[in-house]
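A short worksheet on the structure shown next.
Lettering follows sequence order; numbering is per chain, from 1.
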Amino acid sequence: MKRVDFYPTHRHGDFLLRAGRPYPFGASFVPGGVNFAIFSRYASVCALVLFEKGELQPLVEIPFPTEFQIGHVFAMIVFDLDYENIEYGYRMDGLYRPHEGHHFNQETILLDPYARAVNGRSQWAAQPTPNNPYPHRALLPYDDFDWVDDHPLEKPPEDLIVYEMHVRGFTRHPSSGAKYAGTFAAIREKIPYLKDLGVNCIELMPIFEFDELENKFISPLTGAPLVQYWGYDSINFFAPKAGYAATGRYGMQMDEFKALVKELHKHDIEVFLDVAFNHTGEGGEDGRTISYRGIDNKTYYMLRPDGSYQNFSGCGNTMNCNNPVVRNMVLDCLRYWVAEYHIDGFRFDLASILGRDSAGRPLANPPLLEAMAHDPVLGKTKLIAEAWDAAGLYQVGSFPAYGRWGEWNGKYRDCLRRFLKGDEGQVAEIAQRIQGSPDLYTGRGTTASINFVTAHDGFTLADLFSYNEKHNLANGEDNHDGQNDNYSWNCGWEGSTDNPEINALRQRMIKNAIAILLVSQGVPMILMGDEVGHTKNGNNNTYGHDNELNWFDWTRLESNAELYRFFRNCITFRKVHTALRNQAHFRHEDYVGSGYPDISFHGVEAWQPDWAYHSHTLAFMLDGEHARGGLEPDDTIYVAMNMHWEDHQFSLPRLPVHQKWHTFVNTSVPHPNDICTPDKEPVLANQKHLLIAARSVVILVGR
Amino acid sequence: MEIVIESLKDIRIASITGEINSRTTSQIEADILPLITPNCKLLLNMRHVTYMSSAGLRILLLLYRQINDQSGQVVLVGLQDMIRDTMAITGFLDFFQDYQTIEEGLGALANWS
């Protein structure tokens with residue numbers, strides 16, 4: 001029997017209509033038609049605008065009659081739509097009083113905040129049609145992907161090795177050999193590479209629809225216009241970026257991305273999304289109206305009393321995340337990505353903004369963060385905060401966590417960099433950092449700490465040891481953009497050089513960094529390209545460059561095979577050794593009766609760490625019997641870090657009888673003896689003393 | 001769009017010409033669904049399919065699901081490169097066996113019991 005609501009009750013021209021359901025927001029398929037529902041608290045009238053795909057002028061505009069409005073929601077069912085060939089938007093009218101926060105303009109056709117696929121930039125950087133009255137158009141896609149038995153992987157966070165990646169940058173370089181370079185499909189082609197490297201989680205820089213053409217700067221070096229390459233200026237939070245899909249021009253970006261996630265899961269690789277809910281791509285007072293501003297400016301944005309935009313994001317506007325309506329949108333969005341796309345985790349860009357109230361004040365108990373932590377659908381999703389914002393709120397160690405949230409540990413990054421380059425006063429802090437920062441995350445375990453030394457923001461690892469200063473002229477802002485505190489060291493020459501000693505030192509410094517990162521407790525994150533020594537020529541803010549600065553150069557896999565091998569073996573080493581992947585912080589005592597504490601610190605003399613301000617050396621030993629609380633015993637691991645500019649003789653802690661030290665890593669030794677294949681480490685000749693060269697790291701395995 | 005149906009022993013061959021999109025899927029349903037019977041063997045000749053939209057991919061998967069339910073078997077033959085790529089990239093091809101020639105497709109179906 002057909003349902004009563006299968007029948008239209010109203011008509012507009014040739015279009016048959018019926019009052020819609022206010023929930024869910026967005027466009028959803030119902031028997032015989034499509035239900036359109038959109039919220040606006042302040043709009044006085046609203047019309048649904050339908051286009052035939054690609055046509056400049058609308059096919060029809062259907063006003064919502066009063067009886068199709070419930071509360072602040074306009075809801076209507078339109079029957080018999082050829083949904084595959086329709087693009088839809090809304091036209092709203094109301095007050096235009098910017099000083100009171102209202103920006104209604106009935107000339108503008110508006111993108112549905114709940115659109116699940118958006119047309120208009122379906123081929124990366126293709127020039128758009130001029131005079132298009134509606135440049136970013138909502139589509140009517142099916143969410144019926146056949147996942148068969150796929151499911152988010154739910155790996156224990158302490159087992160993750162995260163690889164931060166830009167979708168386009170990973171395969172856009174001609175050397176990638178990918179058939180559809182720069183797309184989701186091309187990542188799928190490169191899964192064997194990710195498996196070989198050994199990472200088990202990729203964190204994708206923003207993949208929500210954005211406008212790559214929105215960048216006003218010109219490169220003073222090349223004269224070429226810059227683009228919005230990184231993609232942090234979302235124009236919609238539900239739609240995957242069509243220009244990242246080989247099939248985007250057919251509107252199949254949803255299926256393409258889901259197929260990628262499914263395939264990554266099949267290969268035991270999790271998928272995290274870097275999500276920027278803190279602002280939108282509509283900019284500030286001088287920005288464009290695409291969606292939120294024209295639908296309900298006062299609800300979606302944090303405004304000052306004079307109606308101007310608060311700018312905690314540094315990007316012109318700030319999403320009003322703790323407004324209950326916006327909060328629900330964010331939650332709907334995250335649930336959607338988990339339920340429909342099987343996403344394993346999220347990294348929240350400038351997450352501290354999500355903890356500010358509508359006036360911008362930091363909240364002690366932010367409802368949005370609490371709701372995410374307790375949401376049923378997000379129950380097993382990893383939630384990671386970039387625990388600061390662009391207006392000075394810095395919450396590393398104090399981000400409201402509700403037992404759920406992890407953090408990008410900016411203090412890990414800064415301390416490791418300073419320790420590596422030989423700054424004084426770092427030894428006591430680095431001891432905390434390599435333990436998973438128990439000083440910051442008491443009671444939250446090691447996995448609250450996402451450890452990293454480089455990320456998309458800032459220098460690459462190769463540049464960290466090639467430049468003292470940022471070199472951002474190519475960004476068109478006279479080198480004013482980008483961070484100034486990089487804690488970098490050029491090893492004696494600013495930029496690239498033929499000097500073999502400097503180059504050898506740089507390579508060793510990179511190895512020191514990655515070796516320490518991968519033996520630290522917590523969740524390590526690696527930046528795409530660092531494994532082959534990718535350089536951005538000292539540019540530490542390459543958000544606008546669709547060129548070699550941001551493209552992974554696959555020829556480096558051969559030219560820097562030495563470094564790639566070092567990364568790969570360090571990753572394997574981490575996976576082999578449970579002692580490196582504890583969930584709980586160390587107790588600094590022997591609680592399994594092995595005769596050794598779970599972790600112990602050492603210096604040039606065993607059992608005597610030098611905590612002095614001027615110290616540059618530290619060694620630590622992880623007792624294998626204590627690995628994972630003694631439940632998954634492991635070999636014993638000893639790591640000696642000599643960041644001094646002089647060699648030092650270290651005396652080694654004595655192992656139980658019948659056990660011997662074996663050398664896994666010695667970064668001062670030339671390739672190929674800098675690192676071994678894990679489990680094939682040779683016995684150390686002198687079991688009592690070891691000369692550790694200046695600025696080098698040694699990792700020993702006791703078994 | 002045009003669909004020609006032939007039989008070769010216990011195998012049904014449906015040759016499709018034109019575009020498969022939201023406007024033509026109903027014809028696929030009308031012409032091909034009746035061929036889906038218990039243990040059926042179906043060969044879809046796609047050589048002259050010039051475009052498949054999202055709805056087109058979905059109708060193929062629906063056919064596959066129903067054939068599966070009836071313990072039948074389906075093969076695709078002669079997919080044009082662009083369409084084959086699109087199907088592979090979006091994951092739809094994972095569900096199908098596809099062959100270049102009708103002979104290969106018939107051979108695969110004949111060997112299946």
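- Looking at B:D94, the atoms closer than 4.5 Å to chain A (heavy atoms on both sides) all sit in the side chain, from C-beta outward.
- The part of B:L61 that comes within reach of chain A is its side chain, from C-beta onward, which places non-hydrogen atoms under 4.5 angstrom from that chain.
- Under the 3.5 Å distance criterion, with hydrogens and angles disregarded, no donor-acceptor pair is assigned to the side chains of B:S71 and B:N39.
- Highest contact tally toward chain B, considering only A:T183, A:D82, A:D146, is held by A:D146 [criterion: heavy-atom pairs under 4.5 Å].
- Heavy-atom proximity under 4.5 angstrom to chain B picks out A:A246, A:T247, A:R249, A:Y250, A:M252, A:D255 from residues 245-255 of chain A.
- When the shell of 6.0 Å around CD of B:Q100 is examined, it contains 12 or fewer heavy atoms from other residues, nucleotides or ligands.
- In this structure, the portions of A:Y142 lying under 4.5 Å from any heavy atom of chain B include both its backbone and its side chain.
- The aromatic rings of A:F552 and A:W554 lie tilted to each other, with the angle between the two planes from 30° to 60°.
- By the neighbour-count criterion of 12 heavy atoms within 6.0 Å, atom CG of B:D69 is densely surrounded, having more than that number from other residues, nucleotides or ligands.
- Looking only at distances, no side-chain donor or acceptor of B:T37 sits under 3.5 Å from a matching main-chain atom of B:C40.
- Judged by distance alone, the side chains of A:D143 and A:Y336 do bring a donor and an acceptor atom under 3.5 Å apart.
- At least one donor-acceptor pair closer than 3.5 Å links the side chain of B:N21 to the backbone N or O of B:T24.
- With a threshold of 4.5 angstrom between heavy atoms, B:M82 approaches chain A through side-chain atoms but not through N, CA, C or O.
- Here the two rings, on A:Y83 and A:F29, have centers that are under 6.0 Å apart.
- Residues of residues 167-181 of chain A lying under 4.5 angstrom from chain B, judged on non-hydrogen atoms, are A:K179, A:Y180 in numerical order.
- Your options are A:D144, A:L260, A:V148, and the one with the most heavy-atom pairs under 4.5 Å with chain B is A:D144.
- Of the possible donor and acceptor atoms, one in the side chain of A:E84 sits under 3.5 Å from a partner among the backbone N and O of B:A55.
- A parallel orientation is assigned to the rings of A:H342 and A:H265, their planes being inclined by less than 30° (bins at 30° and 60°).
- Within the cation-pi definition used here (under 6.0 Å to the ring centroid, within 45° of the axis), A:R18 does not qualify as a partner of A:Y7.
- Checked by atom type, the side-chain pair A:E52/A:N85 shows no donor-acceptor distance below 3.5 Å.
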